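All figures in this text were calculated on a predicted structure; none of them were measured in a lab.
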Amino acid sequence: MATSSRFGAEDLSFSSGLGRRGFMKTVLTGTAVSAAALSRLNASIYESLGVLNERHLGEPAPDGAYWEALKRHFMFQDDLIMMNNGTVGPMPRPVFNTLMKYFRMQVANPYDVYNYLPTLKEAVRVKLAAFIGASPDETVLTSNTTEGINLVAQGLDLAEGDEVLMTNLEHPGGINPWKIREKRHGIVVREIPVGVPPKSVGEFVEAFARALTPKTRVIFLSHTVYMTGLIAPLKEISRMAHEKGILVAADSAHGLGMLDLNMKDLGVDFFASSPYKWMGAPTGIGLLYIRKEVQDRLWPTIVSSGWDAVQTGARRFDPQGQRADAMVMALGEALEFQNVIGKARIARRIRGLAAHLKSGLKTIPGVTLHTPEDPYLSAGLTVFSLKGVNSQAIVDYVREKHNLVIRTVGISAEDITAVRVSTPIYISTKEVDMVLAGVRHFS
């Protein structure tokens, strides 16, 4: 048990004697750390997490020894405080280890890349499906959210004049796949204004209900709105739309790893996400969920041999051809890391930190909060502006003073630029208070 004690709350320096920089150098050059050694390092990390879980299982507080110890499993450089994982998040150390392990395989034994890795890929699909409350036959492995949305927008049979409804808060990666269909095939893309923020679930759903026409075929919307932090009421939208025979497709780029997701509960038909934001997977791997009951309404877009006979279920919608399977394996490790902590626990901490931020922002004169305060309609993205102050100045100030990364976003519906802050599991109220102090500096 000496090992368990050692790894309970300390930064996991490696038993090989390598420091963090030495470890990074040797892994990246492929000269010192074997696949077996990387596996042993991961086993030590999970052993330490098991000890932490036993010690701190019942702690409800957003901060504490558990989260401080967990933070050390991320390999931040030069005391960087990353509070913009809404764009790209960091990888936990076990995920990085696994990524290097399988990239190293291609260097050392390319035969196993096509002989061995495909057998492991299906295990990751099964794990990902379980994580989102879906079947493996409904789970597609993509590159990112934008690719997933394109597979849906280009794969549905839509005729000239058919309508796709979306909000006035969509990301370009969500808007343009439908816009190119509009330009090529004459479908109609209609924008539905929603409040910033909406006052209630009912207000949001009613805006779409009023906009429906006999030509409406699809409601497409951001589940996790990048420019305001809104968590759209996807379950209620899906219920309303399905009563009218309308499909629902969701851009949930931030959802995987931020929210406790269950596809059956949400009732959505198509759901695309990027696990490299909040889950800690590498860039270049994504999720597309396709509800089994609507799969016969979607054509595959990127195909190779066997798409119409060999591949079954969601597998036939996977973009075909040789891909970087090391990223798929790293996704499996990211899922494992999240499962050890617990989806509900992660979602609770993220919302707790966001609540602390919102509470502080409300006390600062001149601040306008563009994110709903209702935790059902918000989670880990908080967006605000300060009257008379350039939002970029706030972003620059906290970066220069604290090496703390946040960002600006343009809110098209308000014609303003605001500040967006992510509150992931590896920060604490201390870092949130640094942001608040930065805002007060300008108030």
Would you check, one step at a time, whether the test side-chain hydrogen bond (donor to acceptor under 3.5 Å, both in side chains) holds for Glu203 with Ser200? CA-CA 5 Å; Glu203 177 191 285; Ser200 65; 5.3 Å; no
side-chain hydrogen bond (donor to acceptor under 3.5 Å, both in side chains) evaluation trace for Ser378 with Lys358: CA-CA 11 Å; Ser378 61; Lys358 291 173 191 172; 2.7 Å; yes
Decide yes or no on side chain to side chain contact (heavy atoms under 4.5 Å, CB included) for Leu288 and Phe271, but give the supporting numbers first. CA-CA 6 Å; Leu288 174 61; Phe271 183 98; 5.9 Å; no
Worked check of side-chain hydrogen bond (donor to acceptor under 3.5 Å, both in side chains) between Asn97 and Arg93: CA-CA 6 Å; Asn97 291 348; Arg93 186 173 281 136; 5.8 Å; no
Any chance you could lay out the side chain to side chain contact (heavy atoms under 4.5 Å, CB included) test for Leu287 and Ile132, step after step, and finish with the verdict? CA-CA 10 Å; Leu287 157 74; Ile132 63 170; 4.0 Å; yes
With ring-ring contact (aromatic ring centres under 6.0 Å, His included) as the test, would you mind laying out the steps for His254 and Tyr226 before giving the verdict? CA-CA 8 Å; His254 306 268; Tyr226 85 104; 7.6 Å; no
Do Asn85 and Lys277 pass the side chain to side chain contact (heavy atoms under 4.5 Å, CB included) test, and can you show the C-alpha distance, the side-chain angles, and the key distance before you say yes or no? CA-CA 5 Å; Asn85 66 320; Lys277 294 178 182 289; 5.7 Å; no
CA sep, side-chain torsions, deciding dist, call: Val218, Leu165, side chain to side chain contact (heavy atoms under 4.5 Å, CB included): CA-CA 6 Å; Val218 181; Leu165 307 186; over 6 Å; no
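The two atoms that bring Asn150 and Pro177 nearest to each other are ND2-CG, 3.3 Å, heavy atoms only. Among all heavy-atom pairs drawn from Arg125 and Leu141, the shortest one is NH1-N, 4.1 Å. Contact record, Phe220 with Ala250: CE1-C, 4.4 Å, taken as the closest heavy-atom pair. Taking each heavy atom of Pro233 and Val201 in turn, the nearest pair found is CB-CG1, 3.7 Å. The shortest heavy-atom contact between Ala413 and Val196 is CB-CG2, 3.9 Å. Closest of all the heavy-atom pairs between Ile219 and Ala241 is CD1-CB, 4.0 Å.
Atom CG of residue Leu361 and atom OG of residue Ser443 lie 10.5 Å apart, to the nearest 0.5 angstrom. Atom CG of residue Asp78 and atom CG of residue Asn403 lie 7.5 Å apart, to the nearest 0.5 angstrom. Put simply, CG on Leu259 and OG1 on Thr224 are 7.0 Å apart, with the number rounded to the nearest 0.5 Å. Between atom CD of residue Glu47 and atom OG of residue Ser44 there is a gap of 6.5 Å, rounded to the nearest 0.5 Å. The structure places CG of Leu298 at 5.0 Å from CG of Leu156, a figure rounded to the nearest 0.5 Å. Once rounded to the nearest 0.5 Å, the distance linking NZ of Lys343 with CG of Leu256 reads 9.0 Å.
The side chain to side chain contact (heavy atoms under 4.5 Å, CB included) test with Gln154 is passed by exactly one of Ile180, Ile149, Ile302: Ile180. With respect to Val439, the side chain to side chain contact (heavy atoms under 4.5 Å, CB included) criterion is satisfied by exactly one of Val398, Ile394, Val389: Ile394. Among the candidates Leu99, Val95, Thr98, Leu128, the single residue satisfying the side chain to side chain contact (heavy atoms under 4.5 Å, CB included) test with Leu331 is Leu128. A side-chain hydrogen bond (donor to acceptor under 3.5 Å, both in side chains) with Ser274 holds for exactly one of Asn144, Thr146, Thr145; it is Thr145. Screening Trp278, Phe76, Trp67 for a ring-ring contact (aromatic ring centres under 6.0 Å, His included) involving Tyr426 leaves a single residue, Phe76.
Between the side chain of Glu182 and the backbone N or O of Val188, no donor-acceptor pair lies under 3.5 Å. A distance-only check finds a donor-acceptor pair linking the side chain of Gln320 to the backbone of Asp318 [under 3.5 Å]. For the pair Gln295 (side chain) and Ile290 (backbone), a donor-acceptor distance under 3.5 Å is present. Using modelled atom types, one side-chain atom of Asn42 and one backbone atom of Pro94 make a donor-acceptor pair closer than 3.5 Å. In this structure, Ser391 contributes its side chain and Thr417 its backbone to a donor-acceptor pair below 3.5 Å.
Ion pairing between a basic and an acidic side chain is recognised when a charged N comes within 4.0 Å of a carboxylate O; Glu236 and Arg239 show no such pairing. Between Lys71 and Glu431, at least one side-chain nitrogen of the basic residue sits less than 4.0 Å from a carboxylate oxygen of the acidic one, meeting the salt-bridge criterion. Using a 4.0 Å cut-off between charged side-chain N and carboxylate O, Asp260 and Arg348 make no salt bridge.
For the residue pair Glu170 / Thr167, a side-chain donor-acceptor distance below 3.5 Å is found, with atom types taken as modelled. Side-chain contact check for His402 and Asp79: no donor-acceptor pair (N or O, by modelled atom type) lies under 3.5 Å.
Listed by first and then second residue, the ring pair (Phe, Tyr, Trp, His ring centres under 6.0 Å) pairs involving residues 359-392 amount to none (not counting sequence neighbours).
Ring to ring, Tyr397 and Phe442 are close: their centroids are under 6.0 angstrom apart.
Looking at heavy atoms from C-beta onward, Tyr289 lies out of side-chain contact with Val140 at the 4.5 angstrom threshold. Under the 4.5 Å side-chain criterion, counting only non-hydrogen atoms from C-beta, Leu381 is not in contact with Val421. By the 4.5 Å heavy-atom criterion applied to side chains, Met166 and Leu221 are not counted as neighbours. In this structure, Thr301 and Phe317 have side chains that are not in contact, with every pair of non-hydrogen atoms separated by 4.5 Å or more. The side-chain heavy atoms of Phe270 and Val248, taken from C-beta on, include no pair separated by under 4.5 Å. At a threshold of 4.5 Å between non-hydrogen side-chain atoms, the residues Val194 and Asn168 count as touching. Considering only heavy atoms from C-beta on, Val383 stays 4.5 Å or farther from Val419 through its side chain. Between Ile406 and Ser422, every side-chain heavy-atom pair lies at or beyond the 4.5 Å cut-off.
For Thr87, the side-chain hydrogen bond (donor to acceptor under 3.5 Å, both in side chains) partners two or more places apart in sequence, or in a different chain, are Asn84, Arg407, Arg420. For Arg323, the side-chain hydrogen bond (donor to acceptor under 3.5 Å, both in side chains) partners are Ser143, not counting sequence neighbours.
Residue-environment remark: CD1 (Ile416) exceeds the threshold of 12 foreign heavy atoms within 6.0 Å. Crowding of Lys264 atom NZ: a count of heavy atoms from other residues, nucleotides or ligands under 6.0 Å exceeding 12.
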